[in-house]
**Q** 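My questions will all concern the structure given below.
Here is the naming used below: chain letters follow the sequence lines, and residue numbers restart at 1 for every chain.
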Number of protein chains: 2
Amino acid sequence: MLDALRELGRAASFGLLALSASAGLTLAAEDPLPSWNDGETKAAIVDFVSAVTSEGGADYVPPDDRIATFDNDGTLWSEQPMYVQLAFALDRIKAMAPDHPQWKETEPYKSVLAGDMKGLAASGKKGLLEIVATTHAGMSSEEFAQIAADWIATAKHPVSGKLYTEMIYAPMLELINYLKANDFEVFIVSGGGIEFMRPWTEKTYGIPPENVVGSSIKTKYEIRDGKPVIFRLPEIDFIDDGPDKPVGIQKFIGKQPIAAFGNSDGDFQMLEWTTAGAGRRLGMIVHHDDAKREVAYDRKSHIGHLDKALDAAPEKGWHLISMKDDWSRIFPD
Amino acid sequence: MLDALRELGRAASFGLLALSASAGLTLAAEDPLPSWNDGETKAAIVDFVSAVTSEGGADYVPPDDRIATFDNDGTLWSEQPMYVQLAFALDRIKAMAPDHPQWKETEPYKSVLAGDMKGLAASGKKGLLEIVATTHAGMSSEEFAQIAADWIATAKHPVSGKLYTEMIYAPMLELINYLKANDFEVFIVSGGGIEFMRPWTEKTYGIPPENVVGSSIKTKYEIRDGKPVIFRLPEIDFIDDGPDKPVGIQKFIGKQPIAAFGNSDGDFQMLEWTTAGAGRRLGMIVHHDDAKREVAYDRKSHIGHLDKALDAAPEKGWHLISMKDDWSRIFPD
């Protein structure tokens, strides 16, 4: 009986092979990273994945330990001319303004409503924290998720006029899928708000809520109108940036990644911690050097400031991803 | 060609059916919960899983939303006569004592070294926090994981003399596996220390580190001896108990569970939040009513105190799991 089953299995495999050949497909030769130009960067990715997945090889890593972490802003989607979450907060202020007539005369709201970014900047960290508190707290986690989901479904990028979720980097999406296909568990580790990202990361990147690490405000379990809710409080809980990215990874994942991808000095320690581990590791920095197809910025930019990590990259063995040279396209078609 | 493949598929299926019949197996009838006695509790579990996994059914839940959370102490393993993590802390004090001769004269260490639990209790919350800080902080997360792993590999339960990892509840392990086989994602949500549990939950329960939520102390990213580490600080970060269990679930998982399992009032809000959600939900309480095979305790016990949740169970629709009546065995053989 077993022999007969084996024969059937062989026959079925042969049928599938014949089918794919007849459809003109050669599965093994299909490029998992079609938006990446051939060159050192792409080769480094493929070599790394091949090394850690080759059973019996010196660099083999079992699937359970194949953890890869991605920054979000500037690494998976555009962060210029303004962090998307800041655009969200400013839009929320405008949407909430009719119920708060006093905002027309009160900073930082006055500047936001007037579209005066310099005025907002003048209100400093205190002003920004008030905007965050007003727009991100004072409702349940469920309500906030709905607000974020509704906003991201329609909000448009100020320059391209496209949906923000269309401003994601096609090559990075391919990279995520390539890693997942090789039994990596992929996490977002972002300075952005964890609950701002979770409503749309699954649909946009194929990364589920439980694989998102980010900044958070404090919350409290309460019964409201007879229903238990997680209520969002106007107090910072955790800023998932710089040296606190490894802290967030250890807290949420409990494993040291073997691959990490970022684009700014805020990712320095995540890359450092990841690539300092034993065995084969991969650290990569998306370098925004394509003024024509996106925006060129690094050392002098406040958003996505990349200076210290750019200097450290050669010594640390971190690869720079040149958007200009390494990517045949930036955004999905 | 496709027709031919379909034929082959049918033939292969038939072959498998014939094979299982010839081996005397009827796969559908195999009991996934053999340590559970037939009765209302077992039926409630099977009915729930059947309902939420029946595609097209009124109660169907897609796999991505099949989140189940389990308390650990008293729900997955024995917590009497002392929380396992407290036994760990006391053993650590004894192991560290030779390097701290002054402890012989200083509370709370003096009581711990003398095995005087009343003396330790007299040092109150402050004394206990000092024990936690001394034994859980002051090293890297990697070092602590090794200490916890080494301890759990050999430490014995004071009454049974068995390894603590042999004092897990066989029926609950079957339940975890049954849920996983039905595409549930299973998490531990415990008042215990997250980094104390992570080194052994995969091997013991099949639950990986990233699916463990628990209490934590603060940590800091640092370079020590040229190597980046997550250093553990003597300060409480989060106590994952009572109303903060739903907070921890929302923070770490970002989804509301559809099934939750606990054994004490510390699980009240986790059960309440889980079962208040829309659609079919399951909340269950392990009731320690088996003095013969384990320990009988509930309302009067300090450890695993079960009072408010016991009263609320009928109204909230939470099922009591009677260890005495519902389980044919308690521990794995």
**Q** Side chain, backbone, both or neither: which part of A:E222 has a non-hydrogen atom closer than 4.5 Å to chain B?
**A** neither

**Q** Please classify the contact between A:I253 and chain B as side chain, backbone, both or neither, with a heavy-atom cut-off of under 4.5 Å.
**A** both

**Q** Heavy-atom pairs under 4.5 Å with chain B are the metric here; pick the option from A:I67, A:I249, A:T219 that has the most.
**A**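 Among A:I67, A:I249, A:T219, the one with the most close pairs to chain B is A:T219.
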
**Q** Do the charged groups of A:D237 and B:K251 touch, with an N to O distance under 4.0 Å?
**A**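 Result for this pair is yes, salt bridge flagged.
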
**Q** Heavy-atom cut-off 4.5 Å, strictly under: side chain, backbone, both or neither for A:I223 against chain B?
**A** side chain

**Q** Does any heavy atom of chain B fall under 4.5 Å from the side chain of A:N211, the backbone, both, or neither of them?
**A**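 Neither part, no heavy atoms under 4.5 Å.
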
**Q** After noting the C-alpha distance and the side-chain angles of A:E195 and B:Q250, does the key distance pass the side chain to side chain contact (heavy atoms under 4.5 Å, CB included) rule?
**A** CA-CA 9 Å; A:E195 299 296 2; B:Q250 179 64 33; 2.9 Å; yes

**Q** Do you know which of B:K227, B:E210, B:K220, B:E272 has the most heavy-atom pairs with chain A at a distance under 4.5 angstrom?
**A**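 Heavy-atom pair counts peak at B:E210.
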
**Q** Taking atom CD of B:E142 as the centre, report whether more than 12 heavy atoms of other residues, nucleotides or ligands fall under 6.0 Å from it.
**A** no

**Q** Would A:I230 and B:W273 count as a side chain to side chain contact (heavy atoms under 4.5 Å, CB included) here? Give the steps.
**A** CA-CA 9 Å; A:I230 312 290; B:W273 189 52; 3.7 Å; yes

**Q** Which pair of non-hydrogen atoms, one from B:G254 and one from A:P209, has the smallest distance, and what is that distance?
**A**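 The answer is O-CB, 4.2 Å.
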
**Q** Measure A:S141 against the heavy atoms of chain B and call it side chain, backbone, both or neither at under 4.5 Å.
**A** side chain

**Q** Can you give me the closest heavy-atom contact between A:Y221 and B:P243, atom names plus distance?
**A**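 Answer, listing the atom of A:Y221 first, then B:P243: CB-O, 3.1 Å.
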
